[in-house]
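What you see is a predicted model; the values in this text were computed from it and never measured. First the proteins, then the strands, lettered A, B, ... as listed; each starts at 1.
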Number of protein chains: 2
Amino acid sequence: MGRWEPDARGRLRLSAMELYAEHGFEQTTAAEIAERAGVTERTFFRHFADKREVLFAGSGDLQDAVVGAIDAEPDDAKPIDAVLAALEIGASLLPSREYSRQRAAVVAANSSLQERELLKFSTLADAVAEALRRRGVPTLTANLAAETGVTVFKIGFATWIADDSTGDFAQCIREAFGRLRALTAGA
Amino acid sequence: MGRWEPDARGRLRLSAMELYAEHGFEQTTAAEIAERAGVTERTFFRHFADKREVLFAGSGDLQDAVVGAIDAEPDDAKPIDAVLAALEIGASLLPSREYSRQRAAVVAANSSLQERELLKFSTLADAVAEALRRRGVPTLTANLAAETGVTVFKIGFATWIADDSTGDFAQCIREAFGRLRALTAGA
DNA sequence: GTCTATAGGGCGATAGAC
DNA sequence: GTCTATCGCCCTATAGAC
């Protein structure tokens, strides 16, 4: 056995989620999270840039998967179709619906967590737009397709975790896009 | 003349924008902003909830104007058209292109300012969606139309302040929506 | 207006893995 | 020897409490 218990990072993530859910984000101090995880406060900040980031540790993997999926799309795929197919693949990486609901409730209860979540989605959209540009899509079209895809993803996610939802995430995404298409169609 | 110089709030906004542009957001302390404006640090936090908020003081007016414009649209206007018309009216309230460029550069240089800006746009989208629901638009459609409208607004704004831009803001918004419509049209 | 808890960064020391 | 994770102590600014 080493000098320390392994996976300090995983313990910190778990402890943070528990405490944020139990007492709220603002009422939880970094020292409390660290204590529950069996490390010092300073170690917490070495793993996570700030108190919020501990809830977003998986977002990089999601982004990599989505960008990789766009790169793997056939050359003749239309931009919006490539984006939506890639986001459906990314959607399959999310944790269970029950966990997603719990996490969403924690985020919804605190505006600084909402800010961080919005930044993550914005960063995802930027990465998607860049992947589209690599495929030769013009910048303006790439930005619009990326932002629109992320909007559909977000609204599909909200539908998926809603109390009365029955379908899976991919279905929710497709339904949202169908409605968006109807909404923007010319007169 | 009163006991204090008038418009402490306006002086704080100006001082903050100058210092953020000169030295960067993180390198500027609330005490420095207050000093330049001729008030105490405590007064700064009485006017603005945090260091970021001083750059977003006009966002409430924009939101009120947009929501009011939606309420004033004819009953038979299609949701997306009502949203875009309202956002064009909101766009007319923005400061000059030169000032907008400078402010955008300050925000782009700091991720916590980007987070706050994204939250303001998200709040705007929520208010737009609520205004649509008051008109009888179903929730899912209202959310999609609101998010899509704000996306078009954001991308139109980016186009408007770009170095090579020539058109006015309203034109940029209409161009962005035209491209979005083409992008999402069925095969 | 004063006081204070907390966030979060800097830096060197330490103990293991390789 | 190098590399990496952790500790511990110091510091300042934020932002809320009183």
Side-chain angles (χ1 to χ4, degrees), chain A residues 1-57 59-60 106-107 109-120, chain B residues 2-5 8-9 11-13 15-57 59 106-107 109-120:
Chain A
M1 186 174 113
R3 187 166 159 213
W4 302 285
E5 290 298 313
D7 195 24
R9 188 182 175 85
R11 293 201 311 281
L12 284 166
R13 288 181 61 180
L14 183 64
S15 302
M17 180 69 184
E18 288 171 359
L19 287 165
Y20 293 168
E22 286 171 27
H23 309 130
F25 174 76
E26 304 228 325
Q27 283 63 46
T28 304
T29 68
E32 287 167 351
I33 299 166
E35 187 187 10
R36 182 173 292 208
V39 298
T40 66
E41 180 181 351
R42 200 65 196 82
T43 297
F44 176 87
F45 285 111
R46 240 175 251 106
H47 280 279
F48 304 103
D50 58 51
K51 247 177 80 182
R52 285 167 284 168
E53 197 62 21
V54 67
L55 283 180
F56 298 89
S59 72
V106 170
V107 172
N110 181 273
S111 63
S112 81
L113 290 174
Q114 293 167 49
E115 289 185 352
R116 179 57 54 88
E117 183 135 283
L118 291 166
L119 183 68
K120 294 295 181 184
Chain B
R3 187 134 76 110
W4 301 283
E5 289 297 313
R9 188 182 174 85
R11 294 202 310 281
L12 284 165
R13 288 180 61 180
S15 302
M17 178 70 183
E18 288 170 359
L19 288 165
Y20 293 168
E22 286 171 26
H23 309 128
F25 174 76
E26 304 226 326
Q27 283 64 45
T28 303
T29 68
E32 287 167 351
I33 299 167
E35 186 187 9
R36 182 173 292 207
V39 298
T40 66
E41 182 181 348
R42 187 69 185 79
T43 298
F44 177 88
F45 285 109
R46 256 195 290 273
H47 280 280
F48 304 101
D50 59 51
K51 244 178 82 181
R52 286 171 284 169
E53 198 61 23
V54 66
L55 283 180
F56 297 89
S59 71
V106 170
V107 172
N110 181 272
S111 63
S112 80
L113 291 174
Q114 293 168 48
E115 289 185 352
R116 179 57 55 87
E117 182 134 285
L118 291 166
L119 183 67
K120 295 294 181 183

What contact category does B:A31 fall into here, base, sugar-phosphate, or nothing, at under 4.0 angstrom with non-hydrogen atoms? nothing
Base, sugar-phosphate, or nothing: which does B:T28 touch, judged by heavy atoms less than 4.0 Å apart? sugar-phosphate
Rounded to the nearest Å, what distance is computed from the [atom1] atom of residue [X] to the [atom2] atom of nucleotide [N]?
X	N	atom1	atom2	value
A:F45	D:dC7	CZ	P	14 Å
A:Q27	C:dA7	CD	C1'	15 Å
B:D50	D:dA13	CG	C1'	13 Å
B:F48	D:dT14	CZ	C1'	16 Å
B:E53	D:dT14	CD	C1'	15 Å
A:R9	D:dT6	CZ	C1'	15 Å
B:F44	D:dT14	CZ	P	8 Å
A:E26	D:dG16	CD	P	8 Å

Hey, does the side chain of [X] come within less than 4.0 Å of [N]'s phosphate (OP1/OP2), counting only N and O?
X	N	value
A:H47	D:dT6	yes
B:T29	D:dA13	no
A:T43	D:dC7	yes

Neighbour count above 12 (heavy atom, 6.0 Å) for A:E35 CD: no
Over 12 non-hydrogen atoms of neighbours within 6.0 angstrom of CZ in B:R13: no
Donor-acceptor pair present, A:R42 side chain and C:dG10 base, under 3.5 Å: yes
Does A:R46 contact D:dG8 through a side-chain donor or acceptor facing the base, at a distance under 3.5 Å? yes
Going from CD on A:E18 to NE2 on A:H23, what distance comes out if it is rounded to the nearest 0.5 angstrom? 10.5 Å
Spacing of B:Q114 atom CD and A:L118 atom CG [to the nearest 0.5 Å]: 12.0 Å
Answer yes when B:K120 and B:E53 have at least one side-chain N-carboxylate O distance shorter than 4.0 Å, and no when they do not. yes
Which nucleotide sits closest to the side chain of B:K51: D:dC7, C:dA7, D:dA15? D:dA15
